[in-house]
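The block underneath contains the structure these notes are about, expressed in structure tokens.
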Amino acid sequence: MIDKKLQYIDISRFQNDLITWYQENKRDLPWRQDQDPYKIWVSEIMLQQTKVDTVIPYFQRFIKKYPDVHALAQADPEDVLKSWEGLGYYSRARNLQNAVREVVATYNGEVPDNGDELGALKGVGAYTKGAILSIAFNQPEPAVDGNVMRVFSRILRIEEDIALQRTKKLFESYVRELIDESDPSSFNQAVMELGALICTPKSPACLLCPVQEHCQAFAAGVEEELPIKKKAKKQKKVPYVVLLVKNKQEQYIIEKRSDKGLLANLWQFPMVPINEIGWDHLENWVYHEYGIHLTLGEKQANLKHVFSHLIWQLDVYEAKLEQPNMNERLKLVEKEALTNYPFPVSHQKIMSYIK
């Protein structure tokens, strides 16, 4: 099957056209200044689910604060989460730090250049492993994500559903055949760059494409129909009441989330699953959940926060703390000190409603 798809491509010319274009047009990105595997690793983790322009300032601040694996391994996990605040998908930061600690403990601080060892590290999947091995160590390993699958689904006119794991494996096989073994670092980065600048999800700039003459989808006029991807399930909507609970000293109650699951170990204002308990039982629920008595005040805002799999519908209310017998999950914090704690984006927005 692979041979059939590739028989229409002059592989050597395809590699040359792609890499020549990349060398002449690549963006000046901070993680491209050298081939430091740690920096490439950090950048690839940050770039998952996040746009390049958003990542650049985060990457620069992160590398300044944690310039090498030793600095990140020794850092306070809460400080790391604070540095990640706003990037979302916080498990990425936790996994990165855990993996870096393993690199320091097991590999003497050297990021492994062996695929099995690298792939066994926490949070290092097939794509990240391929990106590090090819970009940092110049090994001919495929690095296939949605961006790369979009490019090759058009070049090779692959009409398989890219949401399926078997399709990803298929693309990895094709990339192994097409990758330039003399310069895999430039090849993989060139494919990524092509997907970002030319072969975009909508309205690809085919007339500017350096590999247009190799593209089977363009030849057939179906480039905008590819890739094939089945729609994800509709996101579940979950309503919460978020409480800005204040005592007489103008301190606010914040809560640390569980160390497992969504937004693990981040701080938030107390959230009441209002559909489950009902408005009539709100103050009772808060007492049984947190050990505090409060009086509900005025509504301050109505916000929506969208995750990949669910939507939070947040009604924000002021509340007055009547009896401060709090459990250990809660903390009273001065208004000015709230920004010292890592909060998810939704709760950073809620802070603006504190009077």
Side-chain angles (χ1 to χ4, degrees), residues 29-50 52 55 58-85 87-149 165 168-169 171-172 175-176 179 184-185 188-189 191-192 258-266 308 342:
L29 300 174
W31 46 88
R32 287 180 177 162
Q33 303 306 314
D34 53 43
Q35 287 183 283
D36 181 339
Y38 168 68
K39 291 177 188 170
I40 290 163
W41 184 4
V42 171
S43 73
E44 290 298 338
I45 297 297
M46 286 187 168
L47 286 163
Q48 291 168 12
Q49 311 287 343
T50 311
V52 167
V55 165
Y58 277 95
F59 174 83
Q60 289 170 324
R61 287 193 297 268
F62 197 89
I63 293 299
K64 188 173 182 182
K65 192 166 186 178
Y66 314 113
D68 54 37
V69 290
H70 299 282
L72 182 56
Q74 292 162 12
D76 182 325
E78 193 156 291
D79 288 343
V80 175
L81 284 176
K82 184 66 184 171
S83 299
W84 205 272
E85 186 181 61
L87 269 178
Y89 298 91
Y90 294 91
S91 61
R92 295 181 297 174
R94 290 188 296 275
N95 288 341
L96 176 62
Q97 187 177 31
N98 288 334
V100 159
R101 285 176 169 168
E102 191 176 337
V103 166
V104 169
T106 308
Y107 302 109
N108 200 29
E110 298 288 331
V111 177
D113 60 1
N114 173 286
D116 291 338
E117 293 172 349
L118 190 59
L121 296 172
K122 188 87 172 169
V124 177
Y127 169 77
T128 306
K129 179 179 78 170
I132 295 169
L133 289 177
S134 61
I135 298 170
F137 298 115
N138 219 30
Q139 295 180 20
E141 282 292 318
V144 174
D145 63 356
N147 189 37
V148 171
M149 285 194 284
Q165 188 60 30
K168 189 174 181 185
K169 295 286 183 191
F171 277 98
E172 287 174 353
V175 174
R176 280 192 191 281
I179 197 166
S185 176
N188 276 352
Q189 290 183 89
V191 176
M192 297 169 192
S258 161
D259 60 0
K260 302 274 191 306
L262 184 69
L263 306 175
N265 287 328
L266 294 180
S308 57

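Proximity of a side-chain donor or acceptor of Q139 to a complementary backbone N or O of D113 within less than 3.5 Å is detected. A donor-acceptor pair under 3.5 Å links the side-chain atoms of N138 to the main chain of S185, judged by distance alone. A donor-acceptor pair under 3.5 Å is formed between the side chain of Q35 and the backbone N or O of I135.
The CD atom of E172 sits 9.0 Å away from atom CD of E141, with the distance rounded to the nearest 0.5 Å. Between atom CZ of residue R94 and atom CG of residue D259 there is a gap of 8.5 Å, rounded to the nearest 0.5 Å. A distance of 5.0 Å separates CD of E44 from CE of M192, quoted to the nearest 0.5 Å. With values rounded to the nearest 0.5 angstrom, T106 atom OG1 is found 13.0 Å from R101 atom CZ.
Between S83 and Y58, the shortest heavy-atom distance links the atoms O-CD2, 3.6 Å. When all heavy atoms of V148 and A143 are compared, the closest pair comes out as CG2-O, 3.4 Å. Of all the heavy atoms in V80 and A75, the pair that sits closest is CG2-CB, 3.8 Å. When all heavy atoms of V104 and A73 are compared, the pair lying nearest together is CG2-CB, 3.8 Å.
No side-chain heavy atom of P142 sits under 4.5 Å from any side-chain heavy atom of F171. Counting only heavy atoms from C-beta outward, the side chains of R32 and Q189 approach each other to under 4.5 Å. Side-chain contact between W84 and I45 is present, with heavy atoms from C-beta onward closer than 4.5 Å. L29 places none of its side-chain heavy atoms less than 4.5 Å from the side chain of S43. Counting heavy atoms from C-beta outward, F62 and L87 have side chains that stay 4.5 Å or more apart.
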For this session: Please step through side-chain contact (heavy atoms from CB on, under 4.5 Å) for the pair W41 and V124, ending with a clear verdict.
Result: CA-CA 9 Å; W41 184 4; V124 177; 3.8 Å; yes
For this session: Go through the steps for N147 and Y127 under the test side-chain contact (heavy atoms from CB on, under 4.5 Å), then give the verdict.
Result: CA-CA 11 Å; N147 189 37; Y127 169 77; over 6 Å; no
Exercise. Could you go step by step and tell me if V103 and Y38 meet the side-chain contact (heavy atoms from CB on, under 4.5 Å) rule?
Worked result: CA-CA 10 Å; V103 166; Y38 168 68; over 6 Å; no
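Atom CG of N108 has 12 or fewer neighbouring heavy atoms from other residues, nucleotides or ligands inside a 6.0 Å radius. Surrounding NZ of K169 are at most 12 heavy atoms belonging to other residues, nucleotides or ligands under 6.0 Å away. At most 12 non-hydrogen atoms from other residues, nucleotides or ligands lie less than 6.0 angstrom from CD of E110.
With a 6.0 Å cutoff to the six-membered ring centre and a 45° limit on the axis angle, R92 does not count as a cation-pi contact of Y90.
For the side-chain contact (heavy atoms from CB on, under 4.5 Å) test with P140, the passing option among N188, I179, V175 is I179; the others fail.
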